[in-house]
Structure formats: structure tokens, C-alpha cells
Amino acid sequence: MHPIWADDPAEALALQARLRRRVVARGAPAPALVAGLDAAYSRDGATIYGAAVLFLFPGLEQVGEAWTECEARFPYIPGLFAFREGPALCAALEALDRTPDLILVHGHGIAHPRRCGIASHLGVLLGTPSIGVADLLLVGEAGEPRGERGAAAPVRFEGEVVGWAVRTRTGARPIYVSPGHLVGHAAAVELVLAMTGNYRRPEPLRAAHRCAVSVRAGKTKR
DNA sequence: GCGACAG
DNA sequence: ATCTTGTCGC
């Protein structure tokens, strides 16, 4: 009954307009199983490798991994990123043998022009708490967080706080964290920090990225 | 019109 | 995202 994805930008915008109403940017989940989601592309850009890696929380032991290979059928358009990578990431999630109770997505949550970035989009579709973690800002302005790990400065857009610039590692540039779905601002930042070790990006996303890249290597090898 | 623009 | 080697620094 309800369209999940879209075939063109106009449809995508219409779907986002409906999805945004279902986004709940509050909550403080206490997850036991967390999945990190990321993707990689074939050289020619025709194929997307989606990866989902499962971790126990808060221990962060890796307990599962799954990936998929999908045809890239939606162009990369800032603001419509979910329509490009979303299908591949969902397929990877479905290939896991367990269902996570929190997903970390490489991309933004509500720090998005229509408050419906890929993390929010997937969270709503799956009915699962989600958090967006990005390397660069898509919208808004962020102050410079203090220099030590754990410091955070709000990302403001159209008069409201839509996310946080978080210093996950002393001396490194901040990453941008925003609620996806069923997670509030404070919880999003706290959870990301709890999943970040000696690297700038949280472990589940590092693992998902390595997984996607290695799958591409296997599929490209000849 | 100009510049910005997740991955 | 991807194309790419070495290199500066902790």
C-alpha cells in the first residue's frame, strides 16, 4: 500500500514529505544489539555493496555480519541520499540472522533539509531506533566543539537544533550526529560516544565500511 | 542568478 | 562515493 522507495526525485520528495511526519526525534533506548550500516560502490558506480555489522552493546563484541550487492538505480542527490543507498542497506539488514534494536547509519538523521535524512528514513521504515553519523554537514551551522573527546556543539538549522558536532577523538575534526528515529539528541550523542574508541568514527560504522569495501574487493577480483 | 551540497 | 603514493606525525 505504501511506497517505500521512489523512482525519481519528484516521487522521492513526495515520499519524504510524508515520512517526516512519522519521525520521532526523542527517546533514550538501551540497546543490546546494534547494527552499523554503510555502503561502497563499484568503480563504474553501477553497483552498490551494502553492509550491516552487528555488535553487542555496550560491550561492542561483533556478533554478526551481512552484505548485499544491488544495482545503483537512483542518482546521488544531496537530500535524497536515502533513495540511493537505502535499498542496499535494508537488504543487508534483512540478511542478518538477528534484528538489531538500534541502527547506526552513515549519513544524517534529522540534520536534513526536510528533517528526513537516511537514518530517519530507515528508522521509520523499520520501526527501529536509529542515529545518523556523518563526516560533513549537509545543512545548518555548527559551532566548534571544545578540543577534548566528548565535547559537542549544536548544529542549528532554521532556528532549531537538528544535531551535534561531536569531538569523538581529541585532536580530530568532529563528526556530525543527529537523531534518526526514536532517539533524542542527548541519547544520540551519548550512544555514539559509547561506541567510539580510538578512532573518529564509531566502531559499528568502521566495521560496516570495511565489510562493504572487502565485499567489493571480492566481487571485483579476477 | 549564485553558491552549497550526507555518500 | 571513487580515482591514487608517498608521506608527515603520534
Side-chain angles (χ1 to χ4, degrees), chain A residues 5-6 9 12-13 16 19-20 23 25 36-52 67-92 103-124 130-142 147-149 155-158 162-181 188 192 197-202 204-217 219-221:
Chain A
W5 304 111
L13 288 171
Q16 271 185 350
L19 280 176
R20 69 178 298 178
V23 176
L37 303 178
D38 195 14
Y41 296 78
S42 58
R43 293 190 148 198
D44 61 11
T47 304
I48 298 181
Y49 304 97
W67 56 85
T68 54
E69 182 180 333
C70 300
E71 176 189 358
R73 53 178 194 173
F74 198 95
Y76 168 65
I77 299 173
L80 299 181
F81 186 47
F83 297 89
R84 179 165 174 75
E85 286 194 357
L89 299 184
C90 276
I103 59 179
L104 265 189
V105 188
H106 192 181
H108 292 288
I110 62 170
H112 176 276
R114 292 165 295 281
R115 313 299 196 281
C116 195
I118 188 169
S120 299
H121 192 130
L122 293 180
V124 168
S130 63
I131 298 172
V133 177
D135 287 331
L136 300 170
L137 230 35
L138 171 61
V139 295
E141 307 83 41
E148 81 281 6
R149 166 181 160 79
V155 174
R156 300 177 189 288
F157 178 59
E158 295 179 337
V162 296
W164 300 81
V166 181
R167 188 87 63 190
T168 50
R169 181 180 178 171
T170 300
R173 300 160 35 214
I175 57 175
Y176 301 94
V177 177
S178 60
H181 184 51
V192 166
N198 297 314
Y199 297 89
R200 194 168 80 107
R201 308 211 294 213
L205 287 185
R206 282 171 31 80
H209 182 262
R210 287 193 303 260
C211 179
V213 169
S214 68
V215 169
R216 177 183 62 193
K219 298 292 183 181
T220 296
K221 193 175 180 179

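Lettering follows sequence order; numbering is per chain, from 1.
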- Item | Nucleotide of B:dC5, B:dG7, C:dT2 approaching A:F81 most closely (side-chain heavy atoms) | B:dG7
- Between atom CG in A:L122 and atom P in B:dA6, what is the gap in whole Å? 18 Å
- Item | Protein-nucleotide distance (A:Y76, atom OH; B:dC5, atom C1'), rounded to Å | 6 Å
- Which pair of non-hydrogen atoms, one from A:H106 and one from A:D135, has the smallest distance, and what is that distance? NE2-OD2, 3.8 Å
- Query: Could you state the CG-C1' distance from A:L37 to B:dG7, rounded to the nearest angstrom?
  - Reply: 14 Å
- Which part of the nucleic acid does A:A40 contact within heavy-atom distance under 4.0 Å: base, sugar-phosphate only, or nothing? sugar-phosphate
- After noting the C-alpha distance and the side-chain angles of A:F81 and A:H121, does the key distance pass the ring pair (Phe, Tyr, Trp, His ring centres under 6.0 Å) rule? CA-CA 10 Å; A:F81 186 47; A:H121 192 130; over 10 Å; no
- Phosphate oxygens OP1/OP2 of C:dT4: is one of them under 4.0 Å from a side-chain N or O of A:R43? yes
- Note on the structure: CZ of A:R200 to CZ of A:R167, rounded to nearest 0.5 Å, is 10.0 Å
- Message: What's A:H112 touching, base or sugar-phosphate or nothing? Going by heavy atoms closer than 4.0 Å.
- Response: base
- Across the strands shown, which category fits A:I118 at heavy-atom distances under 4.0 angstrom: base, sugar-phosphate, nothing? base
- Query: What class does the angle between the rings of A:Y176 and A:H108 fall in, given that below 30° is parallel, 30 to 60° is tilted and above 60° is perpendicular?
  - Reply: tilted
- How many Å lie between CG on A:L80 and P on B:dA4, as a whole number? 20 Å
- Query: B:dG7 P sits how many Å from A:R84 CZ, rounded?
  - Reply: 13 Å
- Query: For A:R216 and B:dG7, what is the distance between atoms CZ and C1' respectively, to the nearest whole Å?
  - Reply: 13 Å
- Task: Indicate, with a heavy-atom threshold strictly under 4.0 Å, whether A:Y41 touches base, sugar-phosphate, or nothing.
- Result: sugar-phosphate
- Task: Determine the minimum heavy-atom distance between A:G109 and A:A119, stating which atoms define it.
- Result: CA-CB, 3.8 Å
- Would you mind classifying the nucleic acid contact of A:D135 as base, sugar-phosphate or nothing, using non-hydrogen atoms under 4.0 angstrom? sugar-phosphate
- Item | d(CZ, A:R73; C1', B:dG7) in whole Å | 18 Å
- Task: Would you kindly give the CG-to-P distance between A:D38 and B:dG7, to the nearest whole Å?
- Result: 9 Å
- Within the structure shown, what part of the strands sits under 4.0 Å from A:G79 by heavy-atom distance: base, sugar-phosphate, or nothing? base
